Q: 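If you scroll down you'll find the structure; I have some questions about it.
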Number of protein chains: 2
Amino acid sequence: MATGRNHRPATSRSRGIPEATVARLPLYLRALTALSERSVPTVSSEELAAAAGVNSAKLRKDFSYLGSYGTRGVGYDVEYLVYQISRELGLTQDWPVVIVGIGNLGAALANYGGFASRGFRVAALIDADPTLAGRTVAGIEVEHADGLEQIIADNGVSIGVIATPAGSAQQVCDRLVAAGVTSILNFAPTVLSVPEGVDVRKVDLSIELQILAFHEQRKAGEEAPEEEETAPPAAPPAAAVTKKRSEPGPDGDVPAVMPA
Amino acid sequence: MATGRNHRPATSRSRGIPEATVARLPLYLRALTALSERSVPTVSSEELAAAAGVNSAKLRKDFSYLGSYGTRGVGYDVEYLVYQISRELGLTQDWPVVIVGIGNLGAALANYGGFASRGFRVAALIDADPTLAGRTVAGIEVEHADGLEQIIADNGVSIGVIATPAGSAQQVCDRLVAAGVTSILNFAPTVLSVPEGVDVRKVDLSIELQILAFHEQRKAGEEAPEEEETAPPAAPPAAAVTKKRSEPGPDGDVPAVMPA
DNA sequence: CCAGCTTTGTGCACGCGTTCACAAAGGCAT
DNA sequence: ATGCCTTTGTGAACGCGTGCACAAAGCTGG
């Protein structure tokens, strides 16, 4: 559910791998890599599915989109499947990545081992703060944003990670795209608008927490009969120019959310 | 439909909200909050949809699950909608959260403003490293993992964030759940197994990048004439374990990425 | 009070994703 | 070889999510 820009009939010849399947391939790959390190030669769909946390039928169907790589009565060859999935995901080649915005999060990302371990190479760390330039984070020197275009061109970067504040995310995004980046991983809490052909995936910590809160509330409400909220919001319809509802906070945030 | 007056679609109101809709509510809420700060009184579904990056029909349908909060010919009252969505998401109450694993990522999360701004309060930072205990991160003192159960009980924590290495994630998870946590946001690259009734959402940086790499590879392959997946690395059956390099195509290279 | 314009709310159809259930395929023991 | 047992690969049904298209609702001007 990244960007809804998908006017492709999903008919890229036999390469019509469903998006949902693609999203699970890294999961399978991780489980298979673990098995590989333990020198396990083969796995059944049932075992692998358990390790990946999915349904075995789903896993088999997912693999069927890649081809018939299993052996009936035996299972899947671990090493072979690792290779096939890696190739399908494009991990058999090197992907230089730039991280823009070296704050707490950007630094954490730079240090994250999961990047380098699968074909992703941090080509550069970029920040707009001049005082950061020259400092070393995760063994890589932070460069100033002025050189962004040059860095991307020199390294052939096609994937960019945005870890800036929300305010500058779109601007950074535009520059990345203009410089040739066609895939963006966005950590800033903003909706990015990009031209067609550019993929954007967003990771939003706040949204994830809010979804959890919803379910948490629902769980709590299930046990209580019908707990009426202690907040009489009133003023349902518009029409009334009375937009001066109760007494929200000066910051304009959710009224009732204000901590006591 | 019938009498559309009462907004309670057969089931328990909150029960009837599709998961996909719940996932978008925080997005709408953010856009609405921005409008609220600019003192915009009302918005049309078209405007709000654009701001949230979704289809306007989808937005209207989403809101219809909450109830009829709009005014035909006018749009939606911003303040009122902010309140309704906040309430539906459970943000009208305070959610104490613990973050376990105060490494680079954990520290970044602790400093992330998006937490505190919407009813989430970092009740405690917990780490197993004794040398970290007592140090202050984001204005909060890091506590040792020994006190995990006590901290959760004392603060009534029901949401936990796991930012530990993959190796200890399941163990931490088990302790959290045993102590009463029923919602977990997992940043560790592992599949967590939890008892029924516990919600887990995972944020996996590596997986997101791999999905981007897939699309990136596909984009690159589209321009080249139909690149037949010539690459019989052999070793289909369980017998041969040889991973043979083959001839991928134009780019030729293909450095092995998989660690042994 | 009525006509006309705007925007919501939603019935409906379509397509994707999930799951079931089973025939086909392959190994292994005899 | 042959028959049995295991596991894959997939056809088909089902359910969810998306987007279209339009009637109903509400505001505004005459």
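Values in this document were obtained by computation on a predicted structure and should not be read as measured data. Just the heavy atoms: all of them, side chains too, but no hydrogens, waters or symmetry mates, feed the values below.
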Q: Given C:dT8, D:dT8, C:dT19, identify the nucleotide with an atom nearest to the side chain of A:Ser45.
A: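 Nearest to the side-chain atoms of A:Ser45, counting from C-beta on, is D:dT8.
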
Q: How long is the line joining CG of B:Asn55 and P of D:dG19, in whole Å?
A: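 For the pair B:Asn55 CG and D:dG19 P, the rounded distance is 5 Å.
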
Q: Measuring from the side chain of A:Arg60 (C-beta onward, heavy atoms only), which nucleotide among C:dC22, C:dT19, D:dG17 has the closest atom?
A: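 Closest nucleotide among those given: C:dC22.
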
Q: Knowing that exactly one of A:Glu216, A:Gln210, A:Arg218 qualifies, which makes a side chain to side chain contact (heavy atoms under 4.5 Å, CB included) with A:Phe214?
A: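 Considering A:Glu216, A:Gln210, A:Arg218, a side chain to side chain contact (heavy atoms under 4.5 Å, CB included) with A:Phe214 is found only for A:Arg218.
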
Q: Any side-chain heavy atom of B:Thr71 sitting closer than 4.5 Å to one from B:Thr42?
A: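 Counting from C-beta outward, B:Thr71 and B:Thr42 never come under 4.5 Å.
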
Q: Hey, does A:Leu66 have a side-chain heavy atom less than 4.5 Å from the side chain of A:Thr21?
A: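 A:Thr21 vs A:Leu66: side chains apart.
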
Q: Pick out which of B:Leu209, B:Ile207, B:Val203 makes a side chain to side chain contact (heavy atoms under 4.5 Å, CB included) with B:Leu205.
A: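 With B:Leu205 as partner, B:Leu209, B:Ile207, B:Val203 yield a single side chain to side chain contact (heavy atoms under 4.5 Å, CB included), made by B:Val203.
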
Q: Rounding to an integer number of Å, can you tell me how far B:Leu81 CG sits from C:dT7 C1'?
A: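 For the pair B:Leu81 CG and C:dT7 C1', the rounded distance is 15 Å.
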
Q: Restricting both atoms to N or O, compile the protein contacts to nucleotides 24-26 of chain C shorter than 3.5 Å, with distance only.
A:
{"unit_1": "C:dA24", "atom_1": "N3", "unit_2": "A:Arg72", "atom_2": "NH1", "d": "2.8"}
{"unit_1": "C:dA25", "atom_1": "O4'", "unit_2": "A:Arg72", "atom_2": "NE", "d": "3.4"}

Q: Between B:Asp62 (CG) and D:dC16 (P), how many Å, whole number?
A: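 It is 16 Å, rounded to the nearest whole Å.
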
Q: Could you state the atom-to-atom distance from CD of A:Glu19 to P of C:dG15 in whole Å?
A: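 Rounded to whole Å, this separation is 19 Å.
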
Q: Which whole-number value in Å describes the distance from B:Tyr80 OH to C:dT8 P?
A: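 Taking atom P of C:dT8 as the reference, OH of B:Tyr80 is at 16 Å.
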
Q: Rounded to the Å, how far apart are A:Asp77 CG and C:dG27 C1'?
A: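 That distance rounds to 15 Å.
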
Q: For the side chain to side chain contact (heavy atoms under 4.5 Å, CB included) test, which of A:Val172, A:Asn186, A:Leu176 pairs with A:Leu192?
A: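 It is A:Asn186; the other options fail the test.
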
Q: Without decimals, in angstroms, what is the distance between A:Glu47 CD and D:dT7 P?
A: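 Taking CD of A:Glu47 and P of D:dT7, I get 8 Å after rounding.
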
Q: Can you confirm whether B:Glu19 is buried at CD, in the sense that more than 12 heavy atoms of other residues, nucleotides or ligands lie under 6.0 Å from that atom?
A: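 Above 12, so yes.
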
Q: Please work out if A:Tyr76 contacts a base, only the sugar-phosphate, or nothing of the nucleic acid, heavy-atom cut-off 4.0 Å.
A: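 Sugar-phosphate only.
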
Q: Between A:Ser36 and A:Leu32, is there a donor-acceptor pair closer than 3.5 Å when you use the side chain of the first and the backbone of the second?
A: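 Checked: no pair found.
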
Q: Given atom OH of B:Tyr69 and atom P of C:dT10, what is their separation to the nearest angstrom?
A: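 One finds 12 Å between P of C:dT10 and OH of B:Tyr69, rounded.
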
Q: For B:Gly70 and for A:Arg24, locate the closest nucleotide of DNA chain C by heavy-atom distance; then report the residue assigned to the nucleotide nearer the 5' terminus.
A: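 Result: B:Gly70.
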
Q: Where the side chain of B:Lys58 is defined as all heavy atoms beyond and including C-beta, which of D:dG9, D:dG19, C:dT10 is the nearest nucleotide?
A: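 Nearest listed nucleotide: D:dG19.
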
Q: Suppose we screen for ring-ring contact (aromatic ring centres under 6.0 Å, His included). Which residues come up paired with A:Tyr28, at least two apart in sequence or across chains?
A: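 In terms of ring-ring contact (aromatic ring centres under 6.0 Å, His included), with neighbours along the sequence ignored, A:Tyr28 is linked to A:Phe63.
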
Q: Look for any protein N or O under 3.5 Å of an N or O in nucleotides 12-15 of chain D and output each such pair with its distance, or none.
A:
{"unit_1": "D:dA12", "atom_1": "N6", "unit_2": "A:Lys61", "atom_2": "NZ", "d": "3.0"}

Q: Give a yes or no answer on whether the side chain of A:Glu46 reaches the backbone of A:Ser56 with a donor-acceptor pair at less than 3.5 Å.
A: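 Checked: no pair found.
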
